[in-house]
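Just so we're clear, the structure is a prediction, and the values are computed from it rather than from any experiment. Every heavy atom of this structure was used, including side-chain atoms; hydrogens, water molecules and symmetry mates were not.
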Amino acid sequence: MAWRNHSTITEFILPGLSDDPLIEALLFVLFLGIYLLTMTGNLTMLLVISADSHLHTPMYFFLSNLSFIDLCFSSVTVPKLLKDLLSEKKSISVEGCLAQVFFVFITAGTEAFLLSMMAYDRYVAICHPLLYGQIMNNEVCVKLILLSWGLASLSSVVIVLLAVTLDFCEASTIHHYMCELPSLFPLSCSDISISVVVLICSILLHGLGTFLPVFFSYARIVSTILSMKSTTGRSKAFNTCSSHLVAVVLFFGSGLVRYLMPTSGSSLDLLSSLQYSAVTPMLNPLIYSLKNKEVKAAVKRTLGKCLHYLE
């Protein structure tokens, strides 16, 4: 956003999800529940993984980082949504909007990279089990996490620079519940063609750069699983991947729809944003715990230790 225009537009209006007080009250209860479940589920995952030595493996190292990112991601968007559902004036400052654009993209971008690296981890574990410890050592895992944050930060800077170059004259209503770059384009009174092209290229590079490793990893995994003679082995291998595959579909599906489809202010825009920014962070700890015997056992051991200390 050109800084010279800050005297013209100092804040944006966010109509949110509804203007009916009753529906807003119901939505507040719903999203407060979603946020509390997100905080509880992901904090529990972090606690259990850090406290149980049986889970100190690369897969759970990545999973703990996913829980941390989901905590951050949800906290970037949902508290503001809850505040607006209780407020008559639903607005956000220009600076606050730019900050939200940046943090939404850095957390979403890091999660995309992390899901890609988790797919590679499963590929190594299933297709090269004898080399797993050598390939996925602690140093490599830490470097992959740092690389995720670094690449996502770079992409986020590009996105914010696109927002900074936009001129806003009169229109100040963002037909959404949060600030995302695609929602700012319709408000701009300057030429946005270059910005749209740069955004699409950035999303395609980011999306394909993270989704293609997932695709090829699972192609090799499926091939390896199908070649296994043991039914028990196939079932065990599939179970270790199914949770991650569900998380990938939920996140990438809604995220790509939101950023690659033209912004129309429709219900699809809102639903896709809610899916990847509010619902997916809540579901991830459930997805990874309900079908994971190791996590269930670790939760029981951790609860047992806590009860023992209380006694």
Side-chain angles (χ1 to χ4, degrees), residues 1-3 58 61-77 92 94-121 136 138-167 176 178-185 188 190-217 247-248 251-261 263 272-273 276-277 280-281 284:
M1 185 180 303
W3 295 105
F61 173 73
F62 289 128
L63 185 53
S64 64
N65 278 274
L66 179 64
S67 292
F68 174 74
I69 292 170
D70 281 338
L71 285 172
C72 297
F73 197 4
S74 184
S75 297
V76 169
T77 58
I92 187 171
V94 168
E95 293 78 9
C97 187
L98 285 175
Q100 192 172 58
V101 167
F102 176 80
F103 285 112
V104 163
F105 205 85
I106 192 174
T107 49
T110 304
E111 181 156 343
F113 279 114
L114 185 56
L115 289 172
S116 176
M117 291 169 183
M118 291 172 74
Y120 176 72
D121 171 74
M136 301 302 295
N138 290 337
E139 183 179 355
V140 169
C141 291
V142 171
K143 286 182 178 179
L144 288 175
I145 293 298
L146 294 177
L147 181 64
S148 298
W149 281 101
L151 292 175
S153 299
L154 183 61
S155 297
S156 301
V157 170
V158 172
I159 295 300
V160 170
L161 289 177
L162 291 179
V164 169
T165 60
L166 298 177
D167 294 331
H176 211 279
M178 67 176 180
C179 284
E180 289 180 310
L181 186 58
S183 297
L184 295 179
F185 285 151
S188 177
S190 57
D191 183 14
I192 63 170
S193 56
I194 296 178
S195 296
V196 170
V197 170
V198 173
L199 175 64
I200 292 175
C201 290
S202 176
I203 296 300
L204 286 176
L205 283 173
H206 197 119
L208 292 176
T210 52
F211 182 74
L212 286 179
V214 174
F215 177 80
F216 287 116
S217 293
V248 166
F251 181 80
F252 278 95
S254 55
L256 291 176
V257 165
R258 178 66 186 105
Y259 277 88
L260 292 180
M261 296 290 288
T263 299
S272 58
S273 293
Y276 81 85
S277 67
T280 297
N284 277 342

Which atoms form the tightest heavy-atom contact between Ile145 and Leu114, and what is the distance? CD1-CD1, 3.5 Å
Check: Ser195 and Thr165 side chains under 4.5 Å, non-hydrogen atoms: yes
Decide whether Thr77 and Gln100 meet the rule of one side-chain donor and one side-chain acceptor closer than 3.5 Å. no
Do Pro281 and Leu71 have side-chain heavy atoms sitting under 4.5 Å apart? no
Nearest-0.5 Å distance, OG of residue Ser74 to CD1 of residue Ile69: 13.5 Å
Could you tell me which non-hydrogen atom of Ile159 sits nearest to which non-hydrogen atom of Ser202, and how far apart they are? CD1-OG, 4.2 Å
Return the minimal non-hydrogen interatomic distance between Phe62 and Met136, and the atom names on each side. CE1-CE, 3.6 Å
So which atom in Ser116 and which in Pro213 form the shortest heavy-atom distance, rounded to 0.1 Å? OG-CB, 3.2 Å
Side chains of Leu115 and Phe251, heavy atoms from C-beta outward: is any pair under 4.5 Å? yes
Please report the interatomic distance CZ(Phe211) to CZ(Phe216), rounded to the nearest 0.5 Å. 10.0 Å
Shortest non-hydrogen contact between Ala108 and Tyr276, atoms and distance: CB-CE1, 4.4 Å
Taking side chain as C-beta onward, heavy atoms only, is Glu111 less than 4.5 Å from Asn284? yes
Do Phe185 and Val196 have side chains that approach each other closer than 4.5 Å (heavy atoms only, starting at C-beta)? yes
Kindly indicate whether the side chain of Phe73, heavy atoms from C-beta on, has any atom under 4.5 Å from the side chain of Thr110. no
Atom OG of Ser183 and atom CE of Met178: how far apart are they, to the nearest 0.5 Å? 7.5 Å
Val101 and Leu184: CA distance, side-chain angles, deciding distance, side-chain contact (heavy atoms from CB on, under 4.5 Å) verdict: CA-CA 10 Å; Val101 167; Leu184 295 179; 4.3 Å; yes
Where the side chain of Ser155 meets the backbone of Leu151, is there a donor-acceptor pair that is under 3.5 Å apart? yes
Flag side-chain contact, heavy atom, 4.5 Å: Phe105 against His206: yes
Report the C-alpha separation of Ile92 and Cys179 in whole Å, then their side-chain angles, then the decisive distance to 0.1 Å, and conclude whether the side-chain contact (heavy atoms from CB on, under 4.5 Å) test is met. CA-CA 9 Å; Ile92 187 171; Cys179 284; 3.9 Å; yes
Phe68 and Ser64: side-chain contact (heavy atoms from CB on, under 4.5 Å), yes or no, with the steps? CA-CA 6 Å; Phe68 174 74; Ser64 64; over 6 Å; no
Mind checking whether Phe113 and Leu144 have side chains closer than 4.5 Å, heavy atoms only? no
Measuring from atom CD1 of Ile194 to atom CG of Leu199, what distance do you get when rounded to the nearest 0.5 angstrom? 13.5 Å
When rounded to the nearest 0.5 angstrom, what distance separates CZ in Phe215 from CZ in Phe252? 13.5 Å
Under 3.5 Å, is there a donor-acceptor pair between the side chain of Thr107 and the main chain of Phe103? yes
Provide the closest heavy-atom pair for Glu180 versus His176 in the form atom of the first, atom of the second, distance. OE1-NE2, 3.4 Å
Determine whether more than 12 heavy atoms belonging to other residues, nucleotides or ligands lie under 6.0 Å from atom CG of Leu147. yes
Atom OG in Ser148, atom CD1 in Ile106: separation rounded to 0.5 Å? 11.0 Å
